[in-house]
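All values below come from the heavy atoms of this structure, side chains included, with hydrogens, waters and symmetry mates left out. The structure presented is a predicted model; accordingly, all values stated were derived computationally and were not measured.
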Amino acid sequence: MPSNSEMYDLGAQDAERDDLNPFYYQHYFYYRKGYDEARRQLRRSPVAGAPPQRAPLLFGLVGVALLTLGLLWLLFGRAQADVAAPLAEPTVASSSPTARPTPLPTAVPVVVAEAPDAPPVLTIGGRARVANLSGAPLRAREAPGLTTRIVARIPEGSEVELLAGPVEAEGYVWWQIAGAAGTGWSAERSLEGVVFLEPIP
């Protein structure tokens, strides 16, 4: 069995290659520690020789062009509508009983846009689905923390109930969950942002 330092080095090497081993990440503390620290280091220092990222500039230029087109359409479309509008027929006062009445203006319906629904979030008493573990089970511990005893292993795809939380410990956000496989504390997501507990609306 590899030593702690070997597992740490393996995690760091996998982070540099962007090749996460989900089983090692879930079950070996030093592998996870090496992987997470190497990923943080890689985010702080740009890769030598990497081409400059032009995506933000490109999106900015496209946004300016669309905004300009929208303003031009509003200005010219409104001006053309004013020119093309027929002149109102003058109202002539007449005592003749056959005079046409002045037409009433047409009512324009008002459309009210509905606000989009807020995305679901984890709450006590709510439910969540175990996900993104590449087939491995989610470990539920006796208390929040990476060194506490594992009391249950929740299969991926299982639905669980949220009993308590959130609690922050060792860089993770922990929730107490209960499912068919048992009850315990599990991390909401990895340090890289991989979500293990997806809220069910």
Side-chain angles (χ1 to χ4, degrees), residues 1-48 50 53 55-56 114-201:
M1 180 176 177
S3 66
N4 292 341
S5 62
E6 288 173 338
M7 291 304 296
Y8 181 93
D9 293 340
L10 180 59
Q13 291 170 7
D14 285 355
E16 292 173 0
R17 293 193 305 265
D18 196 18
D19 183 22
L20 172 66
N21 184 318
F23 180 80
Y24 284 175
Y25 191 88
Q26 274 287 315
H27 296 85
Y28 293 100
F29 172 76
Y30 287 97
Y31 175 90
R32 179 171 54 251
K33 184 175 181 181
Y35 183 90
D36 291 343
E37 289 181 0
R39 290 291 291 177
R40 283 194 291 272
Q41 183 64 30
L42 287 172
R43 281 199 299 268
R44 284 195 292 269
S45 57
V47 179
Q53 295 185 1
E114 295 183 4
D117 293 334
V121 294
L122 297 177
T123 56
I124 296 175
R127 297 187 66 77
R129 182 176 292 105
V130 177
N132 302 316
L133 293 169
S134 301
L138 179 65
R139 291 174 292 174
R141 297 181 177 273
E142 191 175 26
L146 297 172
T147 57
T148 60
R149 185 170 64 93
I150 298 172
V151 293
R153 297 180 189 274
I154 314 296
E156 186 174 13
S158 300
E159 291 188 10
V160 295
E161 184 180 358
L162 302 173
L163 303 179
V167 174
E168 292 189 20
E170 300 184 35
Y172 294 87
V173 176
W174 300 81
W175 290 86
Q176 188 181 31
I177 60 175
T183 302
W185 290 84
S186 293
E188 175 183 336
R189 65 185 65 215
S190 72
L191 295 178
E192 299 301 314
V194 179
V195 177
F196 301 140
L197 294 172
E198 293 181 341
I200 299 175

Pro22 to Ser134 - nearest heavy-atom pair and separation:
CG-OG, 3.5 Å

Mind telling me whether Tyr31 and Tyr35 have parallel, tilted or perpendicular rings, with 30° and 60° as the class edges?
parallel

How close do Pro120 and Pro199 get, counting heavy atoms only, and between which atoms?
O-CG, 3.4 Å

What I'd like to find out is whether the side chain of Ile124 reaches to under 4.5 Å of the side chain of Leu163, using heavy atoms alone.
no

Calculate, to the nearest 0.5 Å, the distance between atoms CZ and CG belonging to Arg32 and Leu20 respectively.
10.5 Å

Sorted by chain and residue number, the salt bridge (charged side-chain N to carboxylate O under 4.0 Å, His left out) partners of Asp36 (sequence neighbours excluded) come out as none

Atom of Leu162, atom of Ala128 and distance for their closest heavy-atom approach
CD2-CB, 4.4 Å

What is the distance from atom CZ of Arg189 to atom CZ of Phe196, rounded to the nearest 0.5 Å?
10.0 Å

Under the 3.5 angstrom rule, does the side chain of Glu188 hit a backbone N or O of Leu197 as a donor-acceptor pair?
no

Tell me the closest heavy-atom pair linking Ala187 and Trp174, and the distance in Å.
N-CE3, 3.5 Å

d(Leu191 CG, Lys33 NZ) to nearest 0.5 Å is 12.0 Å

Would you say Glu156's side chain and Asn132's backbone share a donor-acceptor pair under 3.5 angstrom?
yes

Using every non-hydrogen atom in the two residues, find where Ala164 and Trp185 come nearest and quote the distance to one decimal.
CB-CH2, 3.9 Å

Arg129: what forms a salt bridge (charged side-chain N to carboxylate O under 4.0 Å, His left out) with it, not counting sequence neighbours?
Glu159

Heavy atoms, side chains only, cut-off 4.5 Å: are Glu168 and Val173 in contact?
yes

Looking at CD of Glu161 and CD1 of Ile177, how far apart are the two atoms once the value is rounded to the nearest 0.5 Å?
11.0 Å

Who passes side chain to side chain contact (heavy atoms under 4.5 Å, CB included) against Tyr30, sequence neighbours left out?
Asn4, Met7, Tyr8

For Tyr172 and Ser190 the tightest heavy-atom approach is CE2-CA, 4.0 Å

Let me check something: any side-chain donor-acceptor pairs from residues 143-154 under 3.5 Å, sequence neighbours excluded? List them with distances.
from, atom 1, to, atom 2, distance (Å)
Thr148, OG1, Ala143, O, 2.8
Thr148, OG1, Gly145, O, 3.2
Arg149, NH2, Glu142, OE2, 3.4

Apply side-chain hydrogen bond (donor to acceptor under 3.5 Å, both in side chains) to Asp19 and list each qualifying residue two or more places apart in sequence or on a separate chain.
none

According to salt bridge (charged side-chain N to carboxylate O under 4.0 Å, His left out), does anything in residues 190-201 pair up with another residue at least two apart or in another chain? List the pairs.
Arg39-Glu192, Arg43-Glu192

Nearest 0.5 angstrom please: Tyr24 OH to Asp14 CG, how far?
9.0 Å

